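The structure appears below as structure tokens.
Residue numbers begin at 1 in each chain, while the letters A, B, ... track the order of the sequences. Since this is a predicted model, take the numbers as computed values, not measurements.
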Amino acid sequence: MDIDERIKLITGVGEEIVTPEELRQLLEEKKNPIAYDGFEPSGLAHLPFGVFRPLLLKDLIKAGIKFKIWLADWFAWINNKLDGDLDKIRTTADYFIEVWKAAGVPTNKVEFLYASDAMDSIEYWNRVVRIAKVTTVARATRALTIMGRKEGEMSEVAAYFYPVMQVSDIFHLEADITQLGLDQRRANMLAREVGPKLGFWKPVVVSHHMLINLEGAKEPEGLTDEVSRDYHLIDTKMSKSKPSSSIFIHDTFDEIRTKINAAYCPPKEVQGNPLLDYAKHLIFRAFDEMKIERKEKFGGDISFTSYEELEKGYVAGNLHPMDLKNSMAVYIDKMVEPVRNHFESKSSARALYEQVKEFQVTR
RNA sequence: CGGGAUGUAGCUCAACUUGGCAGAGCUAUGGACUGUAGAUCCAUCGGUUGCCGGUUCAAAUCCGGCCAUCCCGACCA
């Protein structure tokens, strides 16, 4: 595969790439550059994690990327996920791996690493301190939004370890590319700034889209300061901790249909519309065509072969929200089904699922 | 260790001074209106008033003790 093809694949994954020029240069230098994404093992797997992420990964692997999955157990601990109980977090990490296997992630091409395995390394902490020493308190404070919490929710000094440790991870994992969600932008930018100062490299940042939650992004473009934009993203993204506005890989077809039906979906409007968001980032990434069945009185069946075509039809009013919803439930169910089934049929997977589900309830 | 403040519905808070059926807003749920959702209107759910005891016919309210959180100070560095 030539460089242009590889770039095309990676560009398709990145909603933002810093910088495209550096990406090209990297691909020219390395046949198999290393990329990573980190996850706090917290609750049950939802669409962004169990469906979307594996889809992106498929293209990255195709492009020759060597991918490292960072199970950020210590980070979940710092962030008080699952009562800050490291045992529960470790169990959830194992469940996460199981989700990915079920989702068809080739485990021979992806490396799973636990953060806690690196924590007894003096080099790691030496690096953390060096990063902390070239980072101002103000800068670290701004980066705290990567924890997905707002200012009032954080009161522990431990939070300040989070961004510097995350930057340290990048160099620990020897990542040429940081391929995380757009909400992790601040840590990655910090790494680019700090890397060269400390004799490391400047990672290329390929940030993927954040799927929006079922309630939609209703706020009318608060173009104010950067922090409130971060907050807006935190409020808008599909989050495991807000079950009512998320779809999980364990949801039955009926549950999916009910949730989709209750989703925010203003007619003819694209901005902040979760249904259009899923069509673009899930359906057309996985399928070549989206078929929509309608009764004759509503215009009869219709089919779209690209997102652009669908969006055009929606804006023009040729596609009613309810028809889109009905079809969406079927397609999402199709995507979730293999993962859901895996946890139904394989007993060891089911046991993990049951445990993690318990953690949710206890919370 | 000491001083102060706070603790009431899932969330934000009223009611405490002067004891008398524990309330509002938001959220949630259900209807109305829309061929979805949202918005709007209507209705409903929601409570061991942090815990234990005391005074009283009657305690969220007054008194005592305890617990938790926050602020300030001291001790120790």
Side-chain angles (χ1 to χ4, degrees), chain A residues 42-44 46-47 78-85 141 144 148-160 210-222 228 231-248 251-283 290-304 307 310-334 357 359-363:
Chain A
S42 52
L44 296 171
H46 58 351
L47 241 33
I78 291 172
N79 206 358
N80 291 317
K81 296 292 172 66
L82 303 176
D83 305 319
D85 184 332
T141 303
L144 292 183
R149 292 183 191 274
K150 296 180 185 173
E151 203 184 333
E153 296 177 283
M154 283 183 292
S155 56
E156 297 165 1
V157 177
Y160 277 90
M210 305 294 291
L211 288 179
I212 62 183
N213 67 36
L214 293 163
E215 287 167 16
K218 275 167 255 180
E219 267 176 88
E221 302 316 299
S228 58
Y231 283 179
H232 185 243
L233 188 59
I234 290 171
D235 285 336
T236 305
K237 70 177 182 185
M238 190 180 279
S239 161
K240 295 192 282 282
S241 56
K242 271 212 289 183
S244 61
S245 66
S246 298
I247 293 173
F248 294 90
D251 286 346
T252 62
F253 175 63
D254 276 351
E255 284 167 331
I256 292 169
R257 197 179 50 191
T258 304
K259 284 181 179 181
I260 292 278
N261 188 50
Y264 177 71
C265 189
K268 301 181 188 180
E269 203 175 307
V270 178
Q271 199 54 245
N273 187 326
L275 272 291
L276 275 279
D277 196 50
Y278 307 155
K280 180 178 183 177
H281 294 283
L282 294 176
I283 310 302
M290 186 171 189
K291 287 181 192 165
I292 287 157
E293 292 178 18
R294 300 190 289 200
K295 286 178 182 165
E296 278 308 317
K297 67 170 173 175
F298 295 135
D301 294 356
I302 190 171
S303 164
F304 300 96
Y307 171 71
L310 181 140
E311 183 184 304
K312 221 172 128 189
Y314 190 77
V315 170
N318 298 330
L319 176 60
H320 189 276
M322 201 171 184
D323 296 322
L324 176 60
K325 283 185 171 181
N326 286 335
S327 177
M328 183 65 69
V330 173
Y331 276 91
I332 287 184
D333 180 63
K334 247 188 252 187
K357 199 158 71 170
F359 298 161
Q360 293 278 98
V361 175
T362 323
R363 186 191 133 77

Between Ile260(A) (CD1) and A37(B) (P), how many Å, whole number?
-> 14 Å
Nucleotide forming a Watson-Crick or wobble pair with G53(B), both distances under 3.5 Å | C63(B)
Does G73(B) pair with anything, Watson-Crick or G-U wobble, both distances under 3.5 Å, and if so, with which nucleotide?
-> C1(B)
Is the ring of Phe298(A) stacked on the base of G35(B), with centres less than 5.5 Å apart and planes under 30° off?
-> yes
Determine the Euclidean distance between corresponding C1' atoms of A58(B) and G50(B); express it in Å to zero decimal places.
-> 23 Å
Show your working on side-chain contact (heavy atoms from CB on, under 4.5 Å) between Tyr331(A) and Ile256(A) and close with a plain yes or no.
-> CA-CA 10 Å; Tyr331(A) 276 91; Ile256(A) 292 169; over 6 Å; no
Complementary nucleotide of U12(B), counting Watson-Crick and G-U pairs under 3.5 Å = A24(B)
For U69(B) and C75(B), measure between their P atoms and round to the nearest Å.
-> 24 Å
Could you please name the partner base of U6(B), counting Watson-Crick and G-U wobble pairs only when both distances are under 3.5 Å?
-> A68(B)
Shortest non-hydrogen separation from Lys291(A) to Ser327(A) and the atoms involved = O-OG, 2.8 Å
Separation of A28(B) P from Leu214(A) CG (nearest whole Å) | 13 Å
Value in whole Å for how far the P atom of A37(B) lies from CD of Gln271(A) | 22 Å
Which part of the nucleic acid, if any, lies within reach of Asp323(A) when heavy atoms closer than 4.0 Å are counted: base, sugar-phosphate only, or nothing?
-> base
Measure from OH on Tyr278(A) to P on U36(B) and round the result to the nearest Å.
-> 19 Å
Across every strand shown, the nucleotide meeting Watson-Crick or G-U wobble geometry with U34(B) (both distances under 3.5 Å) is none
Using Watson-Crick or G-U wobble geometry with both distances below 3.5 Å, tell me the partner of U17(B), or none.
-> none
Distance between the P atoms of G23(B) and G47(B), in whole angstroms?
-> 13 Å
Please give, in whole Å, the distance from G35(B) P to Ile302(A) CD1?
-> 20 Å
Lys325(A) NZ - G35(B) P separation (whole Å) = 15 Å
Residue Tyr264(A), side-chain atoms from C-beta onward, closest of G35(B), A37(B), U36(B) = A37(B)
Give none if A39(B) has no partner; otherwise give the nucleotide forming a Watson-Crick or G-U wobble pair with it, both distances under 3.5 Å.
-> none
